[in-house]
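Here is the structure we will look at.
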Amino acid sequence: MLIEKLESQLLLIDYQARLMPAIHEGTDVLQRATTLARIASLLQVPVWATEQNPDRLGSNDEALRALCSRTLPKMSFSGVDDELLSLLRPPAPARPAGNARSLPKHLQKPQPARQERNTILVAGCETHVCLLQTALDLLDEEFDVCVVTDACGSRRERDRDAAFDRLAGAGAELVTVEMVAFEWLRSAADPHFKEVLPLIR
């Protein structure tokens with residue numbers, strides 16, 4: 001099953017200034033997350049982020065933060081709460097006021113459909129804590145969850161890898177930045193192909 005860009009959203013978990021230096025290969029992890037966010041922005045895939053206890057751990061990396069439509073602070077390890085869910089599942093557009101039923105059907109304006117973007121691509125730190133708990137909660141909320149493994153990090157590789165095993169067992173798809181990019185593009189004929197290619201090569 002290929003990842004569809006029109007059905008996708010990207011959620012970036014806790015790439016914070018005081019946390020990243022402790023993350024195994026943290027510089028590479030952050031670089032890949034930033035690349036993924038740039039590609040998402042080019043392809044008009046919504047990008048959201050969280051920050052764990054930002055008063056203590058600082059804000060997310062500035063370049064990454066600039067690519068996000070919203071960054072939500074949190075104290076719980078899972079980022080899934082009512083505020084995040086309202087972003088991931090926006091309410092259906094309100095019906096216009098007035099007595100629309102009195103108009104003949106051919107004169108009524110069609111109602112805009114709510115765009116379902118049920119595939120959530122998740123990446124972040126630490127993989128075995130905040131990312132794991134967020135992804136498991138998203139699965140409980142019946143989203144299709146893809147974990148972008150090469151943009152995830154923990155202080156210890158063993159913790160990160162154990163989290164990947166657990167997530168795969170729970171039903172999350174494990175993917176990489178390049179997989180996502182080429183599946184979103186689907187073809188070298190995509191008008192953004194020449195902009196995306198230098199980002200991943």
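Contact of the Leu43 side chain with the Leu185 side chain is registered, since non-hydrogen atoms from C-beta on lie closer than 4.5 Å. With a 4.5 Å cut-off on side-chain heavy atoms, Asp14 and Lys74 count as touching. Using a 4.5 Å heavy-atom cutoff, the side chains of Glu141 and Leu85 are in contact. Side-chain contact check for Glu183 versus Val180: every heavy-atom pair is 4.5 Å or farther apart. Contact annotation: the side chain of Gln9 never approaches that of Thr119 to less than 4.5 Å [non-hydrogen atoms, C-beta and beyond]. Annotation: side chain of Val29 is in contact with side chain of Cys125 (closest heavy-atom distance under 4.5 Å). At least one side-chain heavy atom of Leu87 sits under 4.5 Å from a side-chain heavy atom of Arg70. Using a 4.5 Å heavy-atom threshold, the side chains of Thr149 and Val175 count as separate.
Residues Trp184 and Leu12 share a single hydrophobic cluster, defined by chaining ILVMFWY side chains whose heavy atoms lie under 4.5 Å apart. Cluster membership for Ile13 and Leu57, using ILVMFWY side-chain heavy atoms within less than 4.5 angstrom, is not shared. Hydrophobic clustering (side-chain heavy atoms under 4.5 Å, transitive across Ile, Leu, Val, Met, Phe, Trp, Tyr) keeps Phe164 apart from Ile23. Hydrophobic clustering, with ILVMFWY side chains joined whenever heavy atoms are under 4.5 angstrom apart, groups Val177 together with Leu30. Leu42 and Ile3 end up in the same hydrophobic cluster when Ile, Leu, Val, Met, Phe, Trp and Tyr side chains are linked at under 4.5 Å.
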Evaluation steps, side chain to side chain contact (heavy atoms under 4.5 Å, CB included), between Leu167 and Leu131: CA-CA 10 Å; Leu167 287 161; Leu131 180 127; 3.8 Å; yes
From CA spacing to verdict: side chain to side chain contact (heavy atoms under 4.5 Å, CB included), Asn60, Thr71: CA-CA 9 Å; Asn60 284 347; Thr71 298; 4.1 Å; yes
Worked check of side chain to side chain contact (heavy atoms under 4.5 Å, CB included) between Leu11 and Leu84: CA-CA 10 Å; Leu11 177 60; Leu84 178 63; 3.9 Å; yes
Worked verdict on Asp144 versus Arg117 for salt bridge (Lys or Arg N to Asp or Glu O under 4.0 Å): CA-CA 9 Å; Asp144 298 320; Arg117 288 183 175 265; over 6 Å; no
Verdict with reasoning, Asn118 to Glu7, per side chain to side chain contact (heavy atoms under 4.5 Å, CB included): CA-CA 6 Å; Asn118 207 49; Glu7 296 172 6; over 6 Å; no
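Between Val45 and Ser8 the shortest heavy-atom distance is CG1-O, 3.5 Å. When all heavy atoms of Ala163 and Leu132 are compared, the pair lying nearest together is O-CD1, 4.1 Å. In terms of heavy atoms, Ala170 sits closest to Leu136 at CB-CD2, 3.6 Å. The minimum heavy-atom distance between Gln52 and Cys130, with the atom names listed, is OE1-SG, 4.0 Å. In terms of heavy atoms, Val148 sits closest to Cys152 at O-SG, 3.2 Å. Contact between Thr127 and Ser154 at its shortest, heavy atoms only, is N-OG, 3.1 Å.
Using a 3.5 Å distance cut-off with no hydrogens or angles, the side chains of Thr35 and Gln31 do pair a donor with an acceptor. Remark: the Asp150 side chain and the Thr176 side chain contain no N/O donor-acceptor pair separated by less than 3.5 Å. In the model, Trp48 has no side-chain atom that pairs as donor or acceptor with a side-chain atom of Ser69 under 3.5 Å.
Interatomic distance, Asp55 CG to Met75 CE, rounded to the nearest 0.5 Å: 8.0 Å. To the nearest 0.5 Å, atoms CD (Glu116) and CG (Leu88) are separated by 11.5 Å. One finds the CG atom of Leu36 at 11.5 Å from the CD atom of Glu178 (value rounded to the nearest 0.5 Å).
Using a 4.0 Å cut-off between charged nitrogen and carboxylate oxygen, Arg166 and Asp161 do not count as a salt-bridge pair. Between Glu126 and Arg160 there is no salt bridge, since none of the side-chain N atoms of the basic residue sits less than 4.0 Å from a carboxylate O of the acidic one. Electrostatic pairing of Arg65 and Glu62 does not count as a salt bridge here, judged by no charged N lying under 4.0 Å from a carboxylate O.
For the pair Arg89 and Phe143, the cation-pi criterion (under 6.0 Å, within 45° of the ring axis) is fulfilled.
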All N/O donor-acceptor pairs, side-chain side in residues 194-201, below 3.5 Å, sequence neighbours left out:
unit_1: Glu195; atom_1: OE1; unit_2: His192; atom_2: ND1; d: 3.0

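Not one N or O on the side chain of Ser76 forms a donor-acceptor pair closer than 3.5 Å with the backbone of Ser78. Side-chain atoms of Tyr15 do not come within 3.5 Å of backbone N or O of Leu64 as any donor-acceptor pair.
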